[in-house]
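Below: one structure, written as structure tokens.
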Amino acid sequence: MRGKNGILKTAAAAAALLIALTACVPVPVQAREYGYTYNYDYWGDVQEGPDLYSVCKVLTSADLKLEQKLKNPQGLFAMGDLLYLCDSGNNRIIEIHRSSPEKLEVTRIIDSFTGNVDVTTFSNPTDIAVSEEGDFYIADQGNARILKLSSDLEYLMQFDKPVDNTLDPKIAFQPKKIVIDTAGRVYCIAAGINKGLIKYEADGEFSGFVGATRVSFDWTDYIWKKFATQEQRARMESFVPTEYDNAYMDYEGFIYAVAGSLKPDDLRDGTVDAVRKLNLMGNDILVRNGDWDVFGDLYWGYGGGYEGPSYFTDVTVMDNDIYVCLDRNRGRLFGYDDQGHIVFCFGGNGNMDGYFRRPAAIEHIGHELYVVDSLDCSVTVFVPTQFGQLVYKAIEEFDEGHYEASGRAWEEVMSLNGNYDLAYIGIGRSLLRQERYKEAMRYFELKYDEENYSKAFKQYRKIWVEEHIGWIVAAVLVLFLVPMGIGRVRKIKHEIDTADIFVYSKDR
Amino acid sequence: MRMEAKARPLSIPEGRDKRGTYIDSLKFSLYCITHPLDGFWDLTHERRGTIAAANTILFLTILVRILKLRYTSFLFIKVYWEDLNIFLYIASILFPLALWVVGNWGLTTLFDGKGRLGQVYMATCYALTPYPLIQFPLMVFSHFVTIDEAEFYAMVSMLSLIWAAVLIVAAMGQIHEYSAGKNLLFTVASLFAMLVMIFILMIFFSMISQGVAYFVSLVREILFRL
């Protein structure tokens, strides 16, 4: 009894001391509202999770050992182990060799080229693409041309402003972003041209516009326009497509194009698309089977000087069909899988590593992500964490047809993050392929995946019916035959009861 | 024949088993929903319905509505349980019902309606019968279909609601002894009365809260100065 009292007293004293101490030492305040990495669940609730990517290195001018500091870098292109960074403000392109994510070295600085042309330097080069043969395609915005240079920097040809009657001849040609396909065709996004991507054939001939964004218009606006005068009409917004912000050619030859400056209401209604996957015809073939439309953040709270939806400024597509969109508005990266499910969201605006001030371009080498910050003049290198590698492993194993291995990987993912919806659906899909329908159904039901649940249930029901067909037939027979039998018996009984001979005999 | 029925005193003898009457009146709901005009006439004029049976049907309706949330396949109903308030959910049936009954009675009593408040309540509850009757089997059925067959579920579910709505309108016509046109008119008027009542209730509550706030601040002010 006494001993217990003593313990209590010591405890009380310790508690008092603790309180006194904490009163002096300011309690560290949790600075972040969100975790760094999060995802949206079926209900649209933010589910924080472990990081899929961690910052490996932030490359600044000093890290790259550049004499002239980077100025407003705009574009990035990866080819094999080489990264090409468009140092737009200094009119040059920097070739960086990546030996490992930690070790990146400048191998070449390209600021001029040779050839039979007047201007052999760049002016505000905003984007670069390199072909399989090693030819450079450079969007030389200030000189209103797209250059094609050989690998040893000799001028080959250039692509000029398209000759088209629908274009205003007064507008200067300002190529912003370019992508090239394996046949040497060039697709260009130019400032002020909203008809889609400008397509050039390999010989430099302009061959049309592809993939203009959808046009959205309000009925009310339309009716207003009917009544408006000419001057009023000129002042009103016209119903025109939005111009793209950036594009990326994936390994299959499809162009992923992003448009950032979209009206929030149109995004919510789904009448415009932030990301489009264009085939050769310029049609959008992006799969949108996710719970949410592909437009980044779902909630656009007004705070910290940021408002409105995510502004996708660049996109990159990995070989496992996961595409990562870069949000300029809140400095975040959004990864989507080939079905349009959100794989990850992370990032933010700020000065710390892994946060951005004005992200401009994104590229990938393998699973690593490279993000260019044009204001901070840096390149941030992200490498997948163990959790990220597991997620990728699960997705890639499934694509290769190793369903059991994929299922196991997803189970590991789930043990690390129980709030990760894709893990449940992944396990379910793996079980579905292994024809373990009942178990698959459970996983799909947990995460409200109607389509896959129905697929599994359809098979499960079929097997169940085939197994119990005898009982089902018996049950149906009983259900029909018993009442029929009873009816027959009653009828006979009724006939006997009302038979003439008995009735007459009763009457008499 | 109708006059005859009206003229007759209580058709149920006092001595009869009370439980028997209750079960008979409950069974009568099945007759009502298949023969609305005849059924709802007899419900009040022949005293075939009882308040106890009406309460039972209402209870079943609420019960099935709650069970549906939990036991329907997730393909059709997904519930965000964190936000569900079961009392509000029950009130979402009881409150409109109360408004309807009071609103309808209040209006019809001024315009030759023969139904009394209890009778309006009873008839409305009887008209709800298709809801538990269809929704409960549908709930079980939902576990045997895939998303491709969801159309069927939605159709049958809608059917139960339309059926109940038609029955309510028919029931009001019979118990108030209204013609079809007058009945429809007063159905719309009752709906309007419901809106007016909601409006008045809202004003009432905001007034009360402001009144209370006034006295609270008054007392606070006095306490500060003491």
Side-chain angles (χ1 to χ4, degrees), chain A residues 39-48 287-292 298-299 339 341 418-419 421 424-425 427-429 431-432 435 437-469 471-473 475-476 479, chain B residues 23 26-27 29-31 33-35 63-92 130 132-161:
Chain A
N39 205 327
Y40 292 105
D41 68 3
Y42 174 81
W43 299 108
D45 286 350
V46 173
Q47 296 287 358
E48 295 184 10
V287 181
R288 295 185 177 84
N289 285 342
D291 292 327
W292 307 104
L298 299 183
Y299 308 113
Q339 291 296 307
H341 299 112
N419 287 332
D421 288 12
Y424 291 79
I425 292 165
I427 294 171
R429 283 173 74 192
L431 290 169
L432 181 65
E435 306 191 345
Y437 301 119
K438 183 79 181 162
E439 295 158 79
M441 277 159 60
R442 215 187 110 237
Y443 279 101
F444 291 138
E445 183 169 2
L446 278 172
K447 289 301 165 191
Y448 307 98
D449 188 335
E450 299 167 357
E451 290 294 328
N452 281 316
Y453 176 88
S454 291
K455 267 185 210 165
F457 179 68
K458 209 169 197 166
Q459 296 302 320
Y460 177 73
R461 187 174 62 179
K462 199 175 137 202
I463 292 168
W464 192 90
V465 168
E466 278 166 9
E467 276 175 6
H468 298 84
I469 190 70
W471 287 106
I472 294 167
V473 171
V476 171
L479 275 177
Chain B
I23 293 198
L26 203 57
K27 271 187 191 163
S29 66
L30 296 179
Y31 181 79
I33 63 171
T34 45
H35 309 78
L63 189 70
V64 166
R65 199 164 142 80
I66 293 168
L67 283 179
K68 247 179 75 165
L69 282 185
R70 175 65 187 82
Y71 293 105
T72 304
S73 166
F74 82 96
L75 296 180
F76 305 103
I77 299 176
K78 298 177 193 67
V79 188
Y80 189 68
W81 293 104
E82 284 88 336
D83 268 0
L84 185 83
N85 182 340
I86 196 77
F87 298 107
L88 268 183
Y89 197 68
I90 294 171
S92 75
L133 210 61
I134 292 180
Q135 292 288 346
F136 189 78
L138 203 57
M139 186 175 88
V140 179
F141 171 76
S142 75
H143 288 277
F144 298 98
V145 290
T146 63
I147 195 76
D148 306 326
E149 295 132 28
E151 208 51 27
F152 184 75
Y153 175 92
M155 218 177 65
V156 177
S157 182
M158 184 60 84
L159 182 82
S160 77
L161 296 180

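Chain naming here is simple, since letters A, B, ... match the order of the sequence lines and numbering starts at 1 in each. Because only heavy atoms are used, hydrogens play no part in the values below, and waters and symmetry mates are left out as well, while side chains stay in.
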State whether the number of non-hydrogen atoms from other residues, nucleotides or ligands found under 6.0 Å of [X] atom [atom1] is greater than 12.
X: B:E151; atom1: CD; answer: no
X: B:K78; atom1: NZ; answer: yes
X: B:F152; atom1: CZ; answer: no
X: B:Y80; atom1: OH; answer: yes
X: B:W81; atom1: CH2; answer: yes

Within the side chain of A:S454, is there an N or O that forms a donor-acceptor pair under 3.5 Å with the backbone of B:I147?
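Yes.
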Heavy-atom distances under 4.5 Å only: say whether [X] touches chain B with side chain, backbone, both or neither.
X: A:Y460; answer: neither
X: A:D45; answer: side chain
X: A:Y448; answer: both

Using a strict 4.0 Å threshold on nitrogen-to-oxygen distance, state whether A:K458 and B:E149 make a salt bridge.
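Here A:K458 does not pair with B:E149 in a salt bridge, since their nearest N and O are not under 4.0 Å apart.
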For the residue pair B:T146 and A:K455, establish whether any side-chain heavy-atom pair is separated by less than 4.5 Å.
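Heavy-atom side-chain distance check fails, nothing below 4.5 Å.
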Single hit among A:Y453, A:Y42, A:F444 for ring-ring contact (aromatic ring centres under 6.0 Å, His included) with B:F74:
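So, applying the ring-ring contact (aromatic ring centres under 6.0 Å, His included) to B:F74 and each of A:Y453, A:Y42, A:F444, only A:Y453 qualifies.
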Nearest 0.5 angstrom please: B:D148 CG to A:F457 CZ, how far?
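Answer for the CG-CZ pair, B:D148 versus A:F457, is 11.5 Å.
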